Amino acid sequence: MKGGPQAEMKVNDRLKRVVFGEKELQRRIRELGAEITRDYKAIGGERPPLAVGLLRGVVIFLADLVRAIELPLEFDFITVSSYRAADSPGELVLLKDLVDPVEGRDVLLIEDIVDTGRTLKFIQEAIRARSPRSLRTCCLIDKTPRREVEVQLDYVGFRLEENEFLVGYGLDYAGLYRNLPYIAALKTK
Ligand code: IMP
Ligand code: MG
């Protein structure tokens, strides 16, 4: 079998520091859940809110967050991919759309991390074009240094002022590290 303890050590050697520990994540998510519960009780739509998660990074956060929201709700997923040509900025394409229409729904968009803001902006515009009753956005991490476009963020778990690449708790580097129960910064070299 390939891998084993040797490979595991190499993977973990690439972590620089733990940025948000497991307990800190869980505590903050409970707070976000309570805030969202309060707000969505107040807006009182006829149908339950629809949480929309952006695959794949969001799955762990979404799973914890929806269990901290004490209201009936539905959730669905969307996948976006960025195709980068040699010298143009990536063009965003919808790879997997929502199953049900969002017209008239109270949509809560859930994202793991916002960096340049382009991905979130693209999805917010796509959803807004379908006339939801309301649209709010919740992100776990607002990574500010490389922001290129302004995006509306209604609920933010943590703000990161350092330009670090984070992994764990759903966030990946080359497909790995998503299953870490905490968030760490990757070594740059
Ligand atoms: P944006 O369009 O530049 O805001 O990029 C957002 C997307 O890039 C996120 O949905 C993540 O998939 C990915 N991303 C940005 N920063 C990080 C990071 O530090 N770790 C892992 N993924 C990241
Ligand atoms: Mg993502």
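Bear in mind the structure is a predicted one, so any value in this text is a computation, not a measurement. Counting starts at 1 for both ligands and their atoms, following the listed order.
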- [ ] Indicate yes or no: does E31 engage R28 in a salt bridge with an N to O separation below 4.0 Å.
- [x] yes
Task: Salt bridge present between R105 and D76 (N-O < 4.0 angstrom) - done: no
- [ ] Check whether any side-chain heavy atom of C139 lies under 4.5 Å from a side-chain heavy atom of V114, and answer yes or no.
- [x] yes
Open item on the list: So for ligand 1, is L171 a polar contact partner (N or O within less than 3.5 Å, distance only)?
Closed with: no
Open item on the list: Test your reading of the structure: does G117 have an N or O sitting under 3.5 Å from an N or O of ligand 1?
Closed with: yes
Task: Any N or O of E111 closer than 3.5 Å to N or O of ligand 1 - done: yes
Open item on the list: I'd like to check R178 versus V59 (side-chain heavy atoms, cut-off strictly below 4.5 Å). Are they in contact?
Closed with: no
TODO: For ligand 1, note which part of E164 has a heavy atom under 4.0 Å away: side chain, backbone, both or neither.
DONE: backbone
Task: Nearest-0.5 Å distance, OG1 of residue T137 to OH of residue Y155 - done: 10.0 Å
TODO: Taking only Lys NZ, Arg NE, NH1 and NH2, and the carboxylate oxygens of Asp or Glu, determine whether R133 and E46 approach each other closer than 4.0 Å.
DONE: no
Task: Closest to atom 7 (C) of ligand 1 among V80, L54, T119 (heavy-atom distance) - done: T119
Open item on the list: So, 4.0 Å and heavy atoms of L92: is ligand 1 close enough to count as a contact?
Closed with: no
Task: D39 and R136 ion-paired at < 4.0 Å - done: yes
Task: Residue T116 vicinity, atoms of ligand 1 by number, heavy atom under 4.0 Å - done: 1 (P), 2 (O), 3 (O), 4 (O)
TODO: Check ligand 1 against L166 and write out every atom of the ligand that is under 4.0 Å from a heavy-atom position of the residue.
DONE: 18 (C), 19 (O), 20 (N), 21 (C)
TODO: Compute the minimum heavy-atom distance from R147 to ligand 1 and say whether it is under 4.0 Å.
DONE: no
Task: Within-4.5 Å side-chain heavy-atom neighbours: F20 and I141 - done: yes
Open item on the list: Taking 4.0 angstrom as the limit and counting only heavy atoms of D172, give me the atoms of ligand 1 inside it, by number and element.
Closed with: 21 (C)
Task: Close approach of D112 to ligand 1, heavy atoms, under 4.0 angstrom - done: yes
- [ ] Below 4.0 angstrom from a heavy atom of R118, which ligand 1 atoms are there? Numbered from 1 as shown, please.
- [x] 2 (O), 4 (O)
